[in-house]
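Structure record follows, encoded as C-alpha cells.
In what follows, every chain begins at residue 1, and chains take the letters A, B, ... in the order their sequences are listed. Atoms considered below: every heavy atom in the structure, side chains included; atoms not considered: hydrogens, waters and symmetry mates.
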2 protein chains.
Amino acid sequence: MKTHRMSDQPCFALYSAVNAITRAYRPLLDPLDLTYTQYVVMMTLWEQDGVDLRTLAERTHLDPPTLTPVVKRLEGKGLLHRGRVPGDERRLVLTVTEAGRRLRQEARDVPEMMLCQVGLSPAEERQLRALCDQIRHTLATGRRPPDAAAANPPAGKHQGRP
Amino acid sequence: MKTHRMSDQPCFALYSAVNAITRAYRPLLDPLDLTYTQYVVMMTLWEQDGVDLRTLAERTHLDPPTLTPVVKRLEGKGLLHRGRVPGDERRLVLTVTEAGRRLRQEARDVPEMMLCQVGLSPAEERQLRALCDQIRHTLATGRRPPDAAAANPPAGKHQGRP
DNA sequence: CTCCTTCTGTTCGCGCGCTAATTATTAGCG
DNA sequence: CGCTAATAATTAGCGCGCGAACAGAAGGAG
C-alpha cells in the first residue's frame, strides 16, 4: 500500500501554496482596495475591455455566478462600467473607467513585487506555469495534451477515459 | 516595460489550477459527503489524531478560525469527536470515530484517482510539489530556503528583506 | 488570594467559488 | 404572428479562508 500521506499529495501542496499566495497578496492589494480576485478581473480587463461576462469568465477561468458580484463591487468602486449591448439587452459590456485606468498605474509594480516574494528563479517560474497550465488544461478537457502524453507517461491506472 | 499579461503570471496559473482541482475533487468526494477541506482534515487526522486544534492548523496550513466550523461539521456527521484535555479546558482533543475510520476505507482510492486525473508523470509530481513547498516556505518564513538561494537566484529587485 | 498576562478556541464579518434554479431577452420555427 | 427553445446574466444557498475582536481558562508575580 502506498503512503498517502497528506504532505506527499501534489494537490495539497498546490492548495496550501495558493492559500499562502493569497495571504501574501493581501498586504500588496490592500492599499489599492482590491481583493486578489478583483485584481485578477481588473488585470484581465486592462488587457482588453468591452467584453461580456462570459468572455471574462473564460479568460479568468471563473464562473459567471462568481463574477457577477465581483464586477458589481468593482462598479461600486467606480473602477468599471457595466453596460448592455445595444440591441441585445442580455449581454453585458464591461468597460474600465478613467479611475480604473488610473489604478492600473498604481498597480503596475504588483506582479514584480509578488514574483520576488514567492522567491522563484525565472526558470522555476516557467516550470511552475507550465505544470499548472497543463493541469488546468487536462482537467478542463478531460484528457492530457497530446504532446505531453508522449514525453511524460502518467502515473497510475485510474485513467479518466481510456 | 515587461508584459504583465495575466496568463504570464505564475500566481494566476497556480490559482486557476487549484480552482480546477477543487472542481475535479468534487465528484470524487460527493459520494463520501465531504468537501475538499473536510477531506484534508480527515486525511490529516487519519495520519494521527488525538491532537488539538492548533496542531491540526499547523499540519493543514490553515487557521483556527477556518478549522473551527469544519471540525464542527465533521463532528455533526459523526466522523470525529471534539473533546477537551482533562485538566486544561482550553485545549481540544480531536479523535476520529469508528465511522470516521470506516470512511477512510471508502476514501482509500481518492488520492490515486486524483493524481491520474491531473495527468502528471511521477517526475512532474515531484517537481510541482517541490516548487509549491518552496513557495509556501518562502512566504511563511519571509525569506528563501538557504539551499535554494544558492542554486536559483530570484528574478527581480523587490526583495522583501535585504 | 488577586490581578494581570498568556494561551486556546470561538465568533463576526466579508468576499469568494461553485451548483442549481430563476429571470429576462432573443432566436427560431411553423 | 405566436409559441417554444436557446442564451446571458442573476439569484439562492452552502462552505470555505481569513483578519479582527472576543471569551474563557490557565499560569505567574506580588
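Distances from the side chain of Arg84(B) to the nucleotides dT10(C), dA26(D), dC16(C) place dT10(C) closest. Proximity note for Pro65(B) (side chain, C-beta onward) versus dT26(C), dC18(D), dG17(C): the nearest is dC18(D). Closest to the side chain of Glu89(B), out of dA9(D), dG15(D), dA25(D), is dA25(D). In this structure, of dT10(C), dG19(D), dC18(C), it is dG19(D) that holds the atom nearest to the side chain of Asp63(B). Considering only the side chain of Arg23(A), dG19(D) comes nearest among dT19(C), dG19(D), dT10(C).
Between Arg82(B) and the phosphate of dT10(C), there is a side-chain N or O to OP1/OP2 separation shorter than 4.0 Å. When the side-chain nitrogen and oxygen atoms of Thr35(B) are compared with OP1 and OP2 of dC14(D), none of them lie within a distance under 4.0 Å. Contact annotation: Tyr15(A) side-chain N/O to dG17(D) OP1/OP2 distance is under 4.0 Å. Taking only side-chain nitrogens and oxygens, Lys72(A) never comes nearer than 4.0 Å to OP1 or OP2 of dC16(C). In terms of phosphate contacts, Arg90(A) brings no side-chain nitrogen or oxygen within less than 4.0 Å of OP1 or OP2 of dA24(C). Remark: Thr68(B) is not in phosphate contact with dG9(C), judged by side-chain N or O atoms under 4.0 Å from OP1 or OP2. Between Thr22(B) and the phosphate of dG17(C), there is no side-chain N or O to OP1/OP2 separation shorter than 4.0 Å. Contact annotation: Arg73(A) reaches the phosphate of dG15(C) (side-chain N/O to OP1 or OP2, under 4.0 Å).
Between Asn19(A) and Leu67(A), the residue whose closest nucleotide on DNA chain D is further toward the 5' end is Leu67(A). Residues Ala20(A) and Pro64(A) each lie close to DNA chain D; by heavy-atom proximity, the contact nearer the 5' end of the strand is made by Pro64(A).
Nucleotide dG30(C) forms a pair with dC1(D), judged by Watson-Crick or G-U wobble geometry with both contacts under 3.5 Å.
Ion pair Asp88(A)/Arg90(A) flagged as a salt bridge, since at least one NZ, NE, NH1 or NH2 atom sits closer than 4.0 Å to an Asp/Glu carboxylate oxygen. Ion pairing of Arg101(B) with Glu98(B) is present here, as a side-chain N (NZ or NE/NH1/NH2) and a carboxylate O approach within less than 4.0 Å. Between Glu75(B) and Arg82(B) there is a salt bridge, since at least one side-chain N of the basic residue sits less than 4.0 Å from a carboxylate O of the acidic one.
For the pair Leu94(A) CG and dA9(D) C1', the interatomic distance rounds to 11 Å; values are reported in whole Å. Leu29(A) places its CG atom 14 Å from the C1' atom of dG15(C), with the value rounded to the nearest Å. The distance between atom CG of Leu53(B) and atom P of dC18(D), rounded to the nearest whole Å, is 13 Å. What separates CG of Leu92(B) from P of dA23(D) is a distance of 19 Å, to the nearest Å. Rounded to whole angstrom, the span from the CZ atom of Arg54(A) across to the P atom of dT10(D) amounts to 12 Å. The distance from atom OH of Tyr36(B) to atom P of dC16(D) is 13 Å, rounded to the nearest whole Å. If you take CD of Glu58(A) and C1' of dA8(D), they are 12 Å apart, rounded to a whole angstrom. With rounding to whole Å, Leu74(A) atom CG is found 11 Å from dG15(C) atom P.
The backbone N or O of Asp8(A) lies less than 3.5 Å from a partner atom in the side chain of Arg129(B), making a donor-acceptor pair.
Ring pair Tyr39(A)/Tyr25(A) is tilted by interplanar angle, where 30° to 60° counts as tilted.
By the 6.0 Å contact criterion, CZ on Arg59(B) is enclosed, its count of non-hydrogen atoms from other residues, nucleotides or ligands being greater than 12.
Counting any heavy atom pair closer than 4.0 Å across all strands shown, Thr37(B) reaches sugar-phosphate atoms only and no base atom.
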